[in-house]
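Proteins come first, then strands; the chains are lettered A, B, ... in the order of their sequence lines, and each starts at number 1.
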Amino acid sequence: MTKDLEPRYDHAEMEERIYKLWEKSGFFNPDNLKLPRGAKPFTIMMPPNNANGLLHMGHAVGLTLQDILIRFWRMRGRKTLWLPGADHAGFETQVVFDKKLDKEGRNRFAMGREELYKEIWDFTQENKKKMYEQTKKLGASCDWSRETFTLDPKIIETVYETFEKLYKDGLVYRDLKVINWCPKHRTALSDLEVKYVEREDPLYYIKYGPLTLATVRPETKFGDTALAVNPKDKRYAKYIGKEIEAKGILGPLKFKVVGDEAVDPKFGTGVVKVTPAHDATDFEIWQRHKKEIPGPKIIIDEAGKLTGEVGEFKGLKVAEAREKIAAKMQEFGILEKVEANYKHQIATCYKCGNTLEPLPRPQWFVKMKPLAEPAMKAVKTGKVKIHPKRSEKVYWHWLKNIRDWNISRQIVWGIRIPAWFCLKCGDVKINLKVKSKWFLVRHGETDSNKNLIIDGGGEMNAPLNETGINQAKEAARSLKDLGIDLIISSDLLRAKQTAEIISKEIGAEIVFDNAFRERHWGELEGKTFEEAEGLFTNPSDWYKDENLKPDKGESWGEVENRVREAFKIHRNNHHHKNIVIISHGGTLRMLKKIIKDVTHEEIMNGPRLRNAGVIGLDIAKKCEKCGGDLYEQDPDVFDTWFSSGQWPFATLMKNPKDFKTYYPTDVMETGYDILFFWVARMVMLGLYRTGKVPFKDVYLHGLVRDKDRQKMSKSKGNVIDPLGVADTYGTDAVRMALIVGNTAGNDIVISEDKIRGYRNFATKIWNASRFILMNHKTEFLKIKPKFTAADKKHLVELKKIKTRVTKHLEKFEFHLAGEVLYHYFWHTFADKIIEQSKKRLASENAAEAAVAYAVLEEILLESLKMLHPFMPYVTEEIYQKFRPNELLMVQEW
RNA sequence: GCGCGGUUAGCUCAGUGGUAGAGCGCUUCGUUGACAUCGAAGAGGCCAGAAGUUCGAUCCUUCUACCGCGCACCA
């Protein structure tokens, strides 16, 4: 019992000091807690916050609720682990980063995989650091020694193991399906990431020979491959199985009519067109009638523009094309009528709001039904309890109707899917052990490239220009840290310079091989493409014909032969080494042709490798099917939720002792908005991998809203920054304001007024304590207090309060516990008990004063204990004035 | 279409089978050393509407109205 308290307290100074004191004590780490052997653990996995921004009020709510649980159970003698972490948040982070790139006038589609990955990595690490600082400021008593990022090797390894297990069990498969495609973000999305919005669009009735059908998407007509009616529909029974001829705006059409249950006879005309490439239902109709009708005919590309056999509409965006096509149909007299304001639901991207384009793509899917069964059972039997209870019904309903989960994402930020395809036969290998990696790199840009001048293996031999040098440097950076042993380069100047720049960065030796030179274009060398045009019948023949040979130049066939020979020799000599081959656009095409064993036409129609572009080849054991040993890894990454769905066990699994002690965890605390995204998947994957539920209780908190019930958002400008108000009013006030009146599953209303109210409460606690401390006299220490009946009554009441608070906390009724404490401390203890004791404290009789004091101190210290989980800083600070050298944080509850 | 939640003080929200609570706001009074970031006193609610169960309902049941949300392949 040392100093008096200042009349006011400086929360800023205090919070920093106290947090450091807690950290220094080591008690955030359960291994350091002084507990009897066999003390029961209590574990919470902190939901890994997205490492793409700062914490907002929603995070503050979650962290506070978790910290209350952790501090409460720690004081109750449990071996308490709260493991903090951050999520790479694949798609979400990619979206945030895209915006950043956009501001800088860049875009990710023009960046190399490694380069982009590295930049986002740095970006997330920076965010993570700031986020953890904020987490500390909010008083979170988590074990920083076990901090985990979802891209830590231990997590990736575990995720890979899970994927392999699922694959072997037949629960993960790769299949071509029509998936939700966002044309803006150029990636597939899971069904959960689709937001359906109601919209009014025209419904077009189109004549199809003797039939009429209704559609809102006339633009997809070019992709039609059949018509369908309900088999029970008497009106159309006679058409089933027949071919129908009709007038189309690009010429006559001829489609077969199939009978399928998916068609609702009551809707529209009861006839639908079947567009398997651009409609999931139609795709399924096709699958059921594969033998009778043609499959997907793609007429919309990844950017949402018309492509393929669409005549004059090629290149138009879907919305534009729709109007023009409808107009054309009108002209042709095949548009029967238009219902103007047809209300329907359209699928949009939950992030950007753009209309999704259903596209057929091969993707990895998780078969969900077998995983959902045990997950439903776990909740039904009470092994997992969800608070609020009503959410169990919602959980139940979702799992019951669950569909297979597309886990492939076409972005680079994330955990790359550990699936390799044999380059020769296409066979799939999971978790392939790669022996060595070979990289094929095109040289950087030259002025010839820039000005479209033919500069092959001839005399020009242009050097890199400034852009080219920078590109080479970029490529060099992307090849760094990959353990490259050797660079094999064409000896032409542009390749040589590129090789030297890369060598300088990665420190590997260069050997030159003129077999990797560009095709010698003979008499065409030095000419612009325009000038060269007249020299062949068709410019595209330069590429198409593998035997065509310019004067004094080489044919593609000749290039292929020399490359084949050189590649074979280098393969034999260096198969165990990581190699970079630096060569030229055309030459690399030939190399790819050799590796993939495909036709000349196919390789020439394939994508062009940009300057300094990198292609990775993985060399591993021989394929059991074809004997090839060159593989290419699936470029896609996992849906973030596939990895975060493994969070409760992936964080512990690689440390068997921790896993045994702390798994299953006790409580999962998170927002109700991610019940399906995350909670349900954690239960499924947890049960699947470990045979045990990942947690026993799920506590769901609501969305944070402002005092007018508006959702907080940056665009509305009504965001309250939790750290900002913590600076102003103190963390304790913010925490308490977030708890009182906040019930499970309901939205939380927070306003600065409310926070101010609880700041006043903190002041009240401070001043009541100050008063008590002020009345302490050293002579009291010698006096054994004799409590009066009234004193005893107060102490009994205190006990009752403690029982109530304990019960509330055990039942996850944080708001009730907080209210009871608030009310008791202010309106019973301060207003009544302290007021009544003032006379006795002032008594001449030391024994009487001592008793009065003893009662107050007892009640105060017990109250501080109970308040500590809610308001950790102010309570800890005061407690130490009464009990120096002790830590309230680890006092017994 | 199915499901869920809400409707309580001027505002935002807690709560309970038997005299209704918090924060902010409002009214009046008060600076005698814990606290004006306060204290004292107070105003303010047929707890959405209707019916039912009950000795008794704001709380349980049913229906209705309005608000919000989730899920759903109907072209």
Interatomic distance, A:Q836 CD vs B:A34 P [rounded to whole Å]: 16 Å

Can you check whether A:V263's main-chain N or O pairs, donor with acceptor, with A:N230's side chain at less than 3.5 Å? yes

Quick one: the side chain of A:E835 and the base of B:A34, do they pair up donor-acceptor inside 3.5 Å? yes

Look at A:K754 and B:C24 and indicate whether a side-chain polar atom (N or O) is within less than 4.0 Å of OP1 or OP2. no

Does a donor on one side chain sit under 3.5 Å from an acceptor on the other, for A:E797 and A:Y824? no

Can you see if the side chain of A:H815 gets near the phosphate of B:G15 - specifically, an N or O under 4.0 Å from OP1 or OP2? yes

Could you give the distance separating B:G17 and B:A22 at their C1' atoms, to the nearest angstrom? 23 Å

Would you classify A:A830 as touching base, sugar-phosphate or nothing, given that sugar-phosphate means primed atoms plus P, OP1 and OP2, and contacts are heavy atoms under 4.0 Å? base

Sugar-phosphate, base or nothing in reach of A:T215, heavy atoms under 4.0 Å: sugar-phosphate

Using a distance-only test with no angle check, is there a side-chain donor-acceptor pair under 3.5 angstrom linking A:E193 and A:S190? yes

Centre of A:W286's six-membered ring, under 6.0 Å away, within 45 degrees of the axis: is that where NZ or CZ of A:K290 sits? yes

If the C1' atom of B:G45 is compared with that of B:A14, how far apart are they to the nearest Å? 15 Å

Taking CZ from A:F882 and P from B:A34, how many angstroms apart are they, rounded to a whole number? 14 Å

Starting from C1' on B:G70, measure out to OH on A:Y350 and report it in whole angstrom. 17 Å

If you look at every strand shown and take non-hydrogen atoms under 4.0 Å, does A:V263 touch a base, only sugar-phosphate, or nothing? base

Classify A:L816 by what it touches in the nucleic acid, base, sugar-phosphate, or nothing, heavy-atom distance under 4.0 Å. sugar-phosphate

Interatomic distance, A:E339 CD vs B:A75 C1' [rounded to whole Å]: 12 Å

Rounded to whole Å, the CZ-C1' distance (A:F771 to B:U32) equals 13 Å

Any side-chain heavy-atom pair from A:Y208 and A:V271 closer than 4.5 angstrom? no

Can you confirm whether the side chains of A:E357 and A:H278 place a donor and an acceptor under 3.5 Å from each other? no

Hey, does the side-chain of A:K764 have a donor or acceptor N/O within less than 3.5 Å of a partner on the base of B:C35? yes

Within the pair A:N401 and B:C71, is there a side-chain N or O less than 4.0 Å away from OP1 or OP2? no

Whole angstroms only, please: what is the CG-P distance between A:L703 and B:G68? 15 Å

Ignoring backbone atoms, test whether A:R759 places a side-chain nitrogen or oxygen under 4.0 Å from the OP1 or OP2 oxygen of B:G23. no

Ignoring hydrogens and geometry beyond distance, is a side-chain donor-acceptor pair present between A:Y822 and A:K764 at under 3.5 Å? no

Give me the one residue out of A:N406, A:T348, A:D191 that meets side-chain hydrogen bond (donor to acceptor under 3.5 Å, both in side chains) with A:N180. A:D191

When you compare B:G25 with B:U12, how far apart are their P atoms, in angstrom units rounded to a whole number? 16 Å

Could you please name the option among B:A75, B:A34, B:U37 that lies closest to any side-chain atom of A:N760? B:U37

Touch class at under 4.0 angstrom, heavy-atom based, for A:F676 against every strand present: sugar-phosphate

Looking at B:U31, which nucleotide sits across from it as a Watson-Crick or G-U wobble partner, both distances under 3.5 angstrom, or is there none? none

Give me the distance, rounded to whole Å, that separates B:G49 from B:C66 when you measure between the P atoms they each carry. 16 Å

If pairing requires Watson-Crick or G-U wobble contacts with both distances under 3.5 Å, which nucleotide is the partner of B:U53? none

In whole angstrom, give me the gap between the C1' atoms of B:A48 and B:C67. 11 Å

Please determine whether a side-chain nitrogen or oxygen atom of A:W826 lies at a distance below 4.0 Å from atom OP1 or OP2 of B:C35. no

Which of the following nucleotides, B:G5, B:C73, B:A75, is nearest to the side chain of A:R403? B:C73

Return no unless some side-chain N or O of A:K838 is found under 4.0 Å from OP1 or OP2 of B:A34. yes

Is the shortest side-chain N/O distance from A:Y758 to OP1 or OP2 of B:A22 below 4.0 Å? no

Counting the atoms with a prime plus P, OP1 and OP2 as sugar-phosphate, which does A:V740 contact under 4.0 Å by heavy atoms, base, sugar-phosphate, or nothing? nothing

As a test of reading the structure: which of B:A75, B:U37, B:A34 is closest to the side chain of A:T763, going by heavy atoms? B:U37

What is the distance from NZ of A:K195 to C1' of B:C71, rounded to the nearest Å? 12 Å

Tell me what A:Y822 touches on the nucleic acid: a base, only sugar-phosphate, or nothing, going by heavy atoms under 4.0 Å. sugar-phosphate

B:A48: pairing nucleotide in any strand, Watson-Crick or G-U under 3.5 angstrom: B:U64

Could you work out the separation of B:U54 and B:C2 based on their P atoms and round it to a whole Å? 32 Å

On RNA chain B, compare the nucleotides closest to A:K273 and A:I750; which residue's is nearer the 5' end? A:I750

In whole Å, measure the gap between the P atoms of B:U8 and B:U58 for me. 15 Å

Between B:G3 and B:G23, how many Å separate the two C1' atoms, rounded to a whole number? 34 Å

Whole-Å gap separating C1' (B:G3) and CG (A:L675): 14 Å

Once you apply a heavy-atom cut-off of 4.0 Å, does A:Y342 come out as touching a base, just sugar-phosphate, or nothing? sugar-phosphate

Heavy atoms under 4.0 Å, any strand shown: does A:N746 hit a base, just sugar-phosphate, or nothing? sugar-phosphate

Got a salt bridge between A:K177 and A:D175, using NZ or NE/NH1/NH2 to carboxylate O under 4.0 Å? no

Phosphate OP1/OP2 of B:A14 contacted by A:T743 side-chain N/O (<4.0 Å): yes

Once you apply a heavy-atom cut-off of 4.0 Å, does A:A280 come out as touching a base, just sugar-phosphate, or nothing? nothing

With both distances under 3.5 Å as the test, what is the Watson-Crick or G-U wobble partner of B:G3? B:C69

Base, sugar-phosphate or nothing for A:N742? Non-hydrogen atoms, less than 4.0 Å. nothing

